[in-house]
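As the structure is a prediction and not an experimental result, all values here were calculated from the model. Order of listing sets the numbers, starting from 1, for every ligand and every atom in it. All residue numbers refer to positions in the sequence shown, counting from 1. All heavy atoms count here, side chains included; hydrogens, waters and symmetry mates do not.
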Amino acid sequence: MQSKLPNVGTTIFTVMSKLAAEVGALNLSQGFPSFAADPALIELVAQAMRDGHNQYAPMPGVASLREAIALKTNTLYGSHYHPDHEVTITSGATEALFAAITAVVQPGDEVLVFEPAYDSYVPAIELAGGHPIYVSLAPPDYGIDWDQVRLLVTPRTRLVVVNTPHNPTGRVWTGEDMHELAALAEAHNLLVVADEVYEHIRFDGRTHHSLASYPVLRERTFVIGSFGKTFHITGWKIGYCLAPPALTVEFRKVHQFLTFSVSTPMQHALATYLTQPDRYTTLPNFYQQKRDLFLSALAGSRFTFLPTEGTFFQNVSYAGLTDEPDHELAVRLTRDIGVASIPVSVFYQQRTDYHILRFCFAKDDTMLLEAGQRLNDWSLRV
Ligand code: GLN
């Protein structure tokens, strides 16, 4: 049989988490918290189940959750989305990304993708018959050369995929980036998919520029969020898509046959939980402390650190320590010192290797200190 995705294997997250479990390593590879969700949130789910919310949710999502998301978006980004016509609850951001891309990409369309890129965008583009066109960004700052981006736009360009705060680099798009994107999208009538799953995790006072807050972008963008990152519940797989009515109609055509609807008790619980904004406004502080703790544990090492403006990933360069390819070193460190990471080359189409490893610091403090110590010692030995 001819594969529709000949270049796709098992994701690096699955590979590294499996290896970490096999060898008993501290798993700083796949991005998920090692700590528990708020017991109050768990109790709300149990309550929703006891209240009998155990059958299919409405296809677009439970109304109270769509309303809570609309309110949050309006409060934070000054942009009103109608809960009935512009908000859809999805099985995590993964489903939302797939549904949005599938809904609008036609065979032969070109889609601009900034790389390093999260791994789920390109397979969705290719299954829809589209062609990813890569804008390659380089360390240490991964800044965007908008002149280069403009050169890549052709009459076939249909969509741009944006991710801010960015996995794996931790970069947060600036207001200037947003204006450049808005001008480009307007001039060439482009649609946008904005992956904003780390919207609440950014540091050093940085603002998250949601595409929802730019009118020119709002009218052509699928803004995608997820509760997994925000409430330490990556296993629940609940996310959402905000998009103007015409885009939402097309989005839901795909969504209703991908999953139809999303787990009901979780949606009721999240609707109630969202009524207290401090549950997400405190996240920058919480994660900034973890980032800084991990960095302090590595302060005496020979690694160099790339800036982390947002997300819960710290990128670490080992250039000068060894010439090993990053994927080999990631495996070796998992086996030899029991610390698992993600090699950043996997996020590049050509597997461009800048000798950088990504560490997830959504872990309890003891684990961060222990991992930091082991990495520190290793770097001084090589
Ligand atoms: N987003 C998570 C990460 O970057 C992984 C999610 C997954 O395993 N698909 O590590």
Side-chain angles (χ1 to χ4, degrees), residues 5 8-22 25-35 37 90-101 113-125 127 137 142 161-172 193-202 224-240 258-259 283 287 290-291 294 306 308-316 326-327 330-331 333-334 339-348 351 356-363 367-368 371:
L5 293 170
V8 170
T10 305
T11 81
I12 188 70
F13 309 116
T14 306
V15 170
M16 291 308 298
S17 277
K18 184 164 174 281
L19 179 64
E22 276 165 15
L26 302 170
N27 188 0
L28 275 61
S29 64
Q30 194 176 22
F32 64 89
S34 69
F35 33 84
T90 60
S91 291
T94 306
E95 192 231 333
L97 289 161
F98 194 89
I101 290 169
V113 177
F114 296 87
E115 64 169 8
Y118 185 63
D119 65 350
S120 81
Y121 311 144
V122 169
I125 293 165
L127 282 175
L137 307 178
Y142 299 96
V161 180
V162 171
N163 171 215
T164 181
H166 185 262
N167 179 7
T169 67
R171 180 169 186 266
V172 173
V193 165
D195 179 345
E196 302 188 7
V197 301
Y198 298 101
E199 66 183 314
H200 299 301
I201 311 179
R202 62 237 148 36
I224 290 168
S226 172
F227 295 108
K229 321 290 169 189
T230 304
F231 295 138
H232 319 317
I233 47 168
T234 60
W236 288 21
K237 298 298 297 184
I238 311 236
Y240 55 90
L258 264 179
T259 60
L283 269 195
Y287 273 122
K290 295 214 170 277
R291 179 197 66 176
F294 184 54
L306 286 96
T308 298
E309 300 172 344
T311 75
F312 43 46
F313 303 114
Q314 175 63 53
N315 286 332
V316 170
D326 62 356
H327 62 275
V331 169
L333 289 179
T334 308
V339 181
S341 59
I342 297 287
V344 169
S345 66
V346 300
F347 301 101
Y348 284 98
R351 302 287 175 262
I356 292 171
L357 299 175
R358 188 199 80 173
F359 294 89
C360 172
F361 54 79
K363 306 293 167 188
M367 196 197 277
L368 290 175

- Hey, can you tell me if His232 and Tyr287 have their rings parallel, tilted or perpendicular (30° and 60° cut-offs)? perpendicular

- Identify the protein heavy atom lying closest to atom 9 (N) of ligand 1, giving its residue, its atom name and the separation to 0.1 Å. Tyr118 OH, 3.4 Å

- Honestly, for Phe313 the part within reach of ligand 1 (heavy atoms, under 4.0 Å) is side chain

- Report yes or no: does Arg291 contribute a side-chain atom to a donor-acceptor pair with the main-chain N or O of Thr308 at less than 3.5 Å? yes

- Query: Phe13 ring centre to Lys18 NZ or CZ under 6.0 Å, with the angle to the axis within 45°?
  - Reply: no

- Message: Using 30° and 60° as the class boundaries, would you call the ring planes of Phe313 and Tyr198 parallel, tilted or perpendicular?
- Response: perpendicular

- Query: Side chain, backbone, both or neither: which part of Met16 has a heavy atom under 4.0 Å from ligand 1?
  - Reply: neither

- Task: Identify, for atom 8 (O) of ligand 1, the protein heavy atom at the shortest distance, and state residue, atom and that distance.
- Result: Gln30 NE2, 2.7 Å

- Message: Please list, in number order, the atoms of ligand 1 under 4.0 Å from a heavy atom of Arg358.
- Response: 3 (C), 4 (O), 10 (O)

- Item | Partner residues of Leu127 under the side-chain contact (heavy atoms from CB on, under 4.5 Å) criterion, sequence neighbours left out | Lys4, Leu5, Phe98

- Report yes if some N/O of Asn167 lies less than 3.5 Å from some N/O of ligand 1; otherwise report no. yes

- Item | Partner residues of Ser341 under the side-chain contact (heavy atoms from CB on, under 4.5 Å) criterion, sequence neighbours left out | Ala330, Leu357, Phe359

- Message: Closer than 4.0 Å to some heavy atom of Lys229 - which atoms of ligand 1 meet that?
- Response: 1 (N)

- Item | N or O contact, Ser29 vs ligand 1, cut-off under 3.5 Å | no

- Task: Would you confirm whether Gln314, through its side chain, and Leu306, through its main-chain N or O, come within 3.5 Å as a donor-acceptor pair?
- Result: yes

- Task: Looking only at protein heavy atoms, identify the closest one to atom 2 (C) of ligand 1 and say how far it is in Å.
- Result: Gly31 N, 3.9 Å

